Amino acid sequence: MGGPDQGQPRKDRFAMDMDKLVSLCKRRGFIFPSSEIYGGINGFWDYGPLGVELKRNIKDAWWRDTITSRDDVVGIDCSIIMHPKVWEASGHIGGFSDPMADCRECKGRFRADQLTYIRFDLAKDDSAETKPKTIYFFGSGNAVEVAEQNAKKIGKLQSSIKPGETLNRTDGDYTTLDTEAKTLFHCPTCGKAGTLTEPRNFNLMFESHAGAIADEANKVYLRPETAQGIFANFKNVVDTSRTKIPFGIAQVGKSFRNEINPRNFIFRSREFEQMELEFFCHPDQAAEWYAYWRKARFQWYIDHGIRSDKLRLRDHDPDELAFYSTATADIEYAFPFGISELEGIAHRGDYDLGQHQQFSGKDLSYFDEERWERDKPAMGMTSFKEYLKKNEGAEKPGYPYQYLPHVIEPSAGADRATLAFLCEAYQEDEVGGELRTVLKFHPRLAPIKAAVFPLVKKDGMPEKAEAIYRELKRHFNVFFDEKGAIGRRYRRQDEAGTPFGITVDGQSLTDDTVTFRDRDSCKQWRVPAAGAVQALRDLLEGKPIPGAESPATEIEESSN
RNA sequence: GCGGGUGUAACUCAAUGGUAGAGUACCUGCCUUCCAAGCAGGCUACGUGGGUUCGAUUCCCAUCACCCGCUCCA
């Protein structure tokens with residue numbers, strides 16, 4: 001987050017801002033606050049009739065481009081609740097929960113485990129009964145930093161020891177102090193003592209209990225990401241699906257995080273949907289695959305209509321990387337509320353499989369049989385055991401035939417993508433001197449593909465239009481509307497993002513043609529009624545509008 | 001979680017210590033041959049819970065939700 005676009009959005013006549021978008025989403029049935037009749041619930045949102053189609057189209061496009069159109073990726077659908085050990089192995093139980101302490105005085109908030117104390121107990125050797133004298137030094141940071149902050153005083157203390165006295169030093173953090181000692185702690189910001197609250201755990205994982213009785217023993221978590229289900233099933237998939245490295249396993253599904261502060265419409269919510277791919281490859285090829293997915297995933301957003309310079313690809317600085325990752329890139333979008341992440345592509349090495357191998361005690365390594373069979377004659381070996389024996393004592397004796405695959409993880413948020421596509425599509429322009437609000441979705445993503453209208457409600461036009469509608473409905477999600485003025489009906493569909501309007505008019509009754517109307521240009525052209533299905537299919541697949549120089553909507557080939 | 005702001009109809013807004021009005025939208029009918037036309041009629045609201053008051057949508061308190069800033073975001 002952060003960046004040049006974070007100032008107040010301009011609210012001029014044609015500007016998109018979140019208020020307008022939220023309002024449109026509500027008005028047209030894209031997105032509603034969850035449980036709204038009870039006042040809503042923070043961090044949860046519902047998708048309405050148009051919103052669910054949009055989001056489904058996004059997920060379907062991702063699924064098709066990532067899995068079914070490829071030879072090297074398979075899908076999976078894991079349970080939301082998994083064995084709690086999964087989250088120990090993944091680091092979510094340790095790293096996902098932060099104890100926080102607030103200063104009552106200056107309202108500062110601190111990671112309680114980063115508030116460090118250094119404690120000295122001064123004891124006289126010959127008087128075991130005398131209580132040792134205790135001196136504390138406090139600060140923010142690790143023990144070394146706090147020692148530096150207090151170097152002078154500590155030095156003074158150490159040099160004041162008399163013969164027959166011992167000085168014992170213990171380091172620790174705020175969470176380990178007893179209640180009395182906590183009152184001695186100074187707030188690192190305002191410097192006042194005893195102003196910090198008890199540390200409170202901010203565990204971002206939702207907890208539940210498997211079974212009717214709630215106790216510690218059956219505590220379970222709602223998954224905070226879908227990825228771990230993939231790693232946990234790595235062996236199952238390898239053993240059953242004839243997949244060979246390099247290959248990927250992909251999943252779309254709900255995840256849950258108890259965000260401290262849900263904000264920005266559906267961008268950060270507590271229940272959200274992820275589209276994640278774990279692509280497993282040989283360590284030697286990981287860098288290449290990382291580069292491939294980094295590029296392919298960025299292109300995917302462009303191919304689906306995010307053409308503006310609001311979309312960017314940002315490589316993480318080395319100091320931003322998680323300790324196990326050798327490279328990570330974020331695909332970001334400049335939302336009205338700031339530049340924020342849509343998707344991260346991470347080179348995770350063998351960290352995840354390694355963790356699960358360790359915590360489960362199961363061998364998760366991959367054996368490259370093809371390569372072994374190819375190479376073994378040259379080495380004069382008949383069995384892999386010989387090879388292992390030869391390399392006994394080596395760090396990776398089975399390498400390069402047996403190894404933990406490295407993984408490239410493109411991890412996308414379906415709700416964030418939906419919001420980005422909405423923001424990108426939202427436009428206000430002028431048609432015949434009137435202001436028009438239009439959602440210029442890529443036809444592949446548009447909730448409704450076409451709307452069918454009789455020009456007026458008489459002379460048999462409604463009947464003819466409905467017949468065409470029925471025929472189209474067998475193939476596409478189309479909409480029929482015969483009420484009111486034709487212009488109003490066009491505009492309504494513009495707000496829903498419907499790319500094409502099909503109108504039955506007076507001429508249709510004599511020559512059996514209909515007009516097609518393009519959402520973005522408002523241009524119209526005639527098509528034989530009997531060919532409407534094929535004509536719409538052609539348009540949705542990117543064939544040009546008759547008379548137009550460029551295709552109605554360009555659909556480039558994805559780079560896979 | 002802290003500070004500030006907002007909460008009235010589906011949407012955008014108004015007025016008011018004596019229970020509320022507009023525009024748009026929506027519904028019905030008439031009319032209408034291509035971009036939110038017209039006519040007639042109709043439906044829908046004071047976020048929730050307390051308090052003060054004869055009486056609260058209005059004042060006070062709490063709560064919930066949303067917005068902005070901070071914080072957080074493996």
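Computed from a predicted model, the values in this text were never measured in an experiment. In what follows, chains carry the letters A, B, and so on, assigned in the order in which the sequence lines appear, proteins first and then strands, with residues in each chain numbered from 1.
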Q | Within 6.0 Å of NZ in A:Lys473, more than 12 heavy atoms from elsewhere | A | yes
When we call it a touch if two heavy atoms are under 4.0 Å apart, what does [X] touch: a base, just sugar-phosphate, or nothing?
X	answer
A:Gly43	sugar-phosphate
A:Lys483	sugar-phosphate
A:Glu341	nothing
A:Phe265	sugar-phosphate

Q) Between A:Tyr290 and A:His347, what is the ring plane arrangement, given parallel below 30°, perpendicular above 60°, and tilted in between? A) tilted
Q) Using 30° and 60° as the class limits, which term best fits the ring planes of A:Phe516 and A:Trp525: parallel, tilted or perpendicular? A)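 Ring orientation, 0 to 90° scale: tilted.
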Q) So what stems show up for RNA chain B if we need 3 or more Watson-Crick or G-U pairs in a row, all under 3.5 Å? A) B:1-7 with B:64-70, B:10-13 with B:21-24, B:26-30 with B:38-42, B:47-51 with B:59-63
Q: Using the six-membered ring of A:Phe256, assess whether NZ or CZ of A:Arg223 lies under 6.0 Å from its centre and within 45 degrees of the ring axis.
A: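 No.
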Say we look at [N] and [M]: how far apart would their [atom1] atoms be, to the nearest angstrom?
N	M	atom1	answer
B:rU32	B:rA14	C1'	34 Å
B:rA15	B:rC35	C1'	36 Å
B:rU6	B:rU48	C1'	16 Å
B:rG7	B:rC13	P	10 Å
B:rC46	B:rA36	P	34 Å
B:rA10	B:rU16	C1'	24 Å
B:rU19	B:rA62	C1'	23 Å
B:rG17	B:rU57	P	13 Å

Strictly below 4.0 Å, N to O, side chains only: are [X] and [Y] in salt-bridge contact?
X	Y	answer
A:Asp429	A:Arg436	yes
A:Glu495	A:Arg491	no
A:Lys458	A:Glu463	no

Is there a side-chain contact between [X] and the phosphate of [N], meaning an N or O under 4.0 Å from OP1 or OP2?
X	N	answer
A:Asn42	B:rC66	yes
A:Lys26	B:rC11	yes
A:Asn264	B:rC67	no

Q. Nearest nucleotide by nearest heavy atom, which residue falls closer to the 5' end of RNA chain B, A:Arg270 or A:Glu36?
A. A:Glu36
Q: Rounded off to whole Å, could you give me the CG-to-P distance for the A:Leu50 and B:rA10 pair?
A: 18 Å
Q) Atom CZ of A:Phe32 and atom C1' of B:rC66: how far apart are they, to the nearest Å? A) 17 Å
Q | Any donor-acceptor N/O pair, A:Gln524 side chain to A:Thr515 backbone, under 3.5 Å | A | no
Q. What string of B, S and - do you get for nucleotides 33-38 of chain B 5' to 3' if you count protein non-hydrogen atoms under 4.0 Å?
A. BBBBB-
Q. Can you name the one residue among A:Arg312, A:Arg297, A:Arg416 that meets salt bridge (Lys or Arg N to Asp or Glu O under 4.0 Å) with A:Glu343?
A.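 Running salt bridge (Lys or Arg N to Asp or Glu O under 4.0 Å) over A:Arg312, A:Arg297, A:Arg416 with A:Glu343 returns exactly one hit, A:Arg297.
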Q.
In the structure I gave you, are the side-chain heavy atoms of A:Phe280 and A:His406 within less than 4.5 Å of one another anywhere?
A. no
Q) For the side chain of A:Ser23, counting heavy atoms from C-beta on, which of B:rC66, B:rG1, B:rU12 is nearest? A)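 For A:Ser23, the side-chain atoms sit closest to B:rU12.
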